[in-house]
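Structure, as structure tokens:
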There are 2 protein chains.
Amino acid sequence: MNLNDRRVIKTKNIFHQTLLKLLKEKNLESISVSEICKIANVNRGTFYLHYDQKENLFEEYFMEVMKDLEKSYHGPYQDLSIQPHEIDPSSLRIFHHVKKYSDFYKIVFSNKASLSYYYLFYNKVKILLEEVLTMYKDDKLNIPLYSAYQANAVIGMIIQWVSNDFSYSLDYMNEQYAHFLKIDKFQLAKYHE
Amino acid sequence: MNLNDRRVIKTKNIFHQTLLKLLKEKNLESISVSEICKIANVNRGTFYLHYDQKENLFEEYFMEVMKDLEKSYHGPYQDLSIQPHEIDPSSLRIFHHVKKYSDFYKIVFSNKASLSYYYLFYNKVKILLEEVLTMYKDDKLNIPLYSAYQANAVIGMIIQWVSNDFSYSLDYMNEQYAHFLKIDKFQLAKYHE
DNA sequence: AATTTTATTAGACAGTTGTACATTAAAATA
DNA sequence: TATTTTAATGTACAACTGTCTAATAAAATT
């Protein structure tokens, strides 16, 4: 299968458009491959020529969004209204990206979604945070475990954010995140009293 | 549907046994309802009388495991070898429970699993941790957001633990967790230099 | 522009899903 | 124990899935 063949590009584009259109009406689970093909007006056999399941199609779009996360993480501050030194920029950029693609992340974190999507996002966040965390020269610290801890903690906040329909502002999310990092140490101290 | 009817109890038991048997051979995704019924020797219509999908059957077993988490969290220290004052007991009890049901959690955190299972576990951990976290009298602190952060951070460690096939010891997991809580504050300070 | 290559199609296949309904058998209860 | 209630069965149905084949049409190559 040659991904540069104009027929392939055309077909994949039609599938992408069709899936996004259907995802605005209902969730991925209740969309059938037959339905996608009927609306896309493409043979069902062609679908299976490109994808194993409808989930693979969604993942193709997913990777596009991950590219944006990557870009916005390493790119200039631009539309971020906060000064870099004020609050941890790592989390700010991630929160910013998630809000930008809020419709998408509602799907990713929806109850019926697959953990595979979660992991795609989680691993991306983990790698991004690892860039900062590897700066610690601490023999006792297990870096992969710590980045797993940190990445998933931020995602926990995002889950909460999604579940209340993004009612918190970007600034508030960052303010709280900074607050959490501060009190973690205090919490531990209590158990050593 | 009367859940106390001996026919119902018997049928549900057969389904539970059959599912667990099949889950040792392959993942939930590749198990069909027809297959469960064929092995259980129960009519397929009966299955749909009790469950919407095979996932509901799995969730029924899931709730049993959650009950154990609840119990081991609030129960006596018993088989926990570490002194309560040494390390944060909340995480220790959770790690202990996860290791006890390691086969089960391998399924829960497997790539193809549904986020709905993740959320069942996440919400349980969140509620358990909230008991401790509500002790903070801090107006600026968003408790639901903080417990989301804390609960998911611990689950992040568990994900890492599962992914390396539980190669870390219980003690090591707790030691690292305590360590993470300590350095979080330090990390934040760096951005304020 | 002619030829070769290959993506796409149409159609068929067995197996699964979710639902429905009348029948049967087992449990609850009077 | 006899009667009533209802869980479980057998069967059928339309729709979806995943796979395969030969035919077709569109692109790449010469």
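Since the structure is predicted, the reported quantities are computational estimates derived from the model, not experimental observations. All heavy atoms count here, side chains included; hydrogens, waters and symmetry mates do not. A, B, ... follow the sequence lines: proteins, then strands. Residue 1 opens every chain.
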Self-check item: Distance-only donor-acceptor test, Asn43(B) side-chain atoms vs dA8(D) base atoms, 3.5 Å
Solution: no
Quiz item: Can you list every pair that meets salt bridge (Lys or Arg N to Asp or Glu O under 4.0 Å) and has a residue in residues 55-67 of chain A, with sequence neighbours left out?
Solution: Lys12(A)-Glu60(A), Glu64(A)-Lys67(A)
Quiz item: Looking just at side-chain N and O atoms, do Asp138(A) and His179(B) make a donor-acceptor pair shorter than 3.5 Å?
Solution: yes
Extract from the structure each pairing of a protein N or O with an N or O of nucleotides 17-19 of chain D at less than 3.5 Å, listing the distance.
unit_1  : atom_1 : unit_2   : atom_2 : d
dT17(D) : OP1    : Val33(A) : N      : 3.1
dT17(D) : OP2    : Val33(A) : N      : 3.2
dT17(D) : OP2    : Ser34(A) : N      : 3.1
dT17(D) : OP2    : Ser34(A) : OG     : 3.0
dG18(D) : OP2    : Tyr48(A) : OH     : 2.7
dG18(D) : N7     : Arg44(A) : NH1    : 2.9
dG18(D) : O6     : Arg44(A) : NH2    : 3.1

Practice problem: Scan nucleotides 25-30 of chain C nucleotide by nucleotide, 5' to 3', and note B when protein non-hydrogen atoms come under 4.0 Å of the base, S if they reach only the sugar-phosphate, - if neither. | Solution: -BSS--
Validation: residues 30-45 of chain B side-chain donor-acceptor distances under 3.5 Å, sequence neighbours left out:
unit_1   : atom_1 : unit_2   : atom_2 : d
Ser30(B) : OG     : Asn27(B) : O      : 3.1
Ser30(B) : OG     : Asn27(B) : OD1    : 2.6
Ser32(B) : OG     : Glu35(B) : N      : 3.1
Glu35(B) : OE1    : Lys26(B) : NZ     : 3.2
Glu35(B) : OE2    : Lys26(B) : NZ     : 2.7
Asn43(B) : OD1    : Gly45(B) : N      : 2.8

Practice problem: In whole angstrom, give the distance that lies between atom CD1 of Ile14(A) and atom P of dT9(C). | Solution: 8 Å
Quiz prompt | Sequence-distant partners of Met63(A), side-chain contact (heavy atoms from CB on, under 4.5 Å), two or more places apart | solution = Leu120(A)
Practice problem: Would you please confirm or rule out a distance under 4.0 Å between OP1 or OP2 of dA8(D) and any side-chain N or O of Thr11(B)? | Solution: yes
Practice problem: Can you tell me the distance, in whole Å, between the CG atom of Leu49(A) and the C1' atom of dA26(D)? | Solution: 15 Å
Exercise. Looking only at non-hydrogen atoms, find the nearest pair between Asn152(A) and Ile155(B) and report the distance.
Key: ND2-C, 3.7 Å
Quiz item: So how far off straight is the helix from dA1(C)-dT30(D) to dA30(C)-dT1(D), going by the axes through five pairs at either end, to 10°?
Solution: 30°
Quiz item: Within the structure, does a side-chain N or O atom of His50(A) lie under 4.0 Å from either OP1 or OP2 of dT8(C)?
Solution: yes
Quiz item: Looking at residues at least two apart in the chain, or sitting in another chain, which of them share a ring-ring contact (aromatic ring centres under 6.0 Å, His included) with Phe166(B)?
Solution: Trp161(B)
Quiz item: Taking only residues two or more places apart in sequence, or in another chain, which ones meet Tyr122(B) in a ring-ring contact (aromatic ring centres under 6.0 Å, His included)?
Solution: none
Practice problem: May I have the distance from Phe15(A) (atom CZ) to dA7(C) (atom P), rounded to whole angstrom? | Solution: 14 Å
Quiz item: Looking at residues at least two apart in the chain, or sitting in another chain, which of them share a ring-ring contact (aromatic ring centres under 6.0 Å, His included) with Tyr73(B)?
Solution: none
Exercise. Name all residues meeting the ring-ring contact (aromatic ring centres under 6.0 Å, His included) criterion together with Tyr172(B); count only those two or more places apart in sequence or in a different chain, and write none if there are none.
Key: Tyr168(B)
Quiz item: Taking ILVMFWY side chains as joined if any heavy atoms are under 4.5 angstrom apart, and letting links pass through other members, which residues group with Leu49(A)?
Solution: Met1(A), Leu3(A), Val8(A)
Practice problem: Starting at atom OH of Tyr51(B), determine the distance to atom C1' of dT17(C), rounded to an integer number of angstrom. | Solution: 18 Å
Quiz item: Does any pair with a residue in residues 27-48 of chain A pass ring pair (Phe, Tyr, Trp, His ring centres under 6.0 Å), and if so which ones, sequence neighbours excluded?
Solution: Phe15(A)-Phe47(A), Phe47(A)-Tyr51(A)
Quiz item: Expressed in angstrom and rounded to an integer, what is the separation of Phe47(B) atom CZ from dT16(C) atom C1'?
Solution: 13 Å
Quiz item: Separation of Met1(A) atom CE from dA27(D) atom C1', in whole Å?
Solution: 13 Å
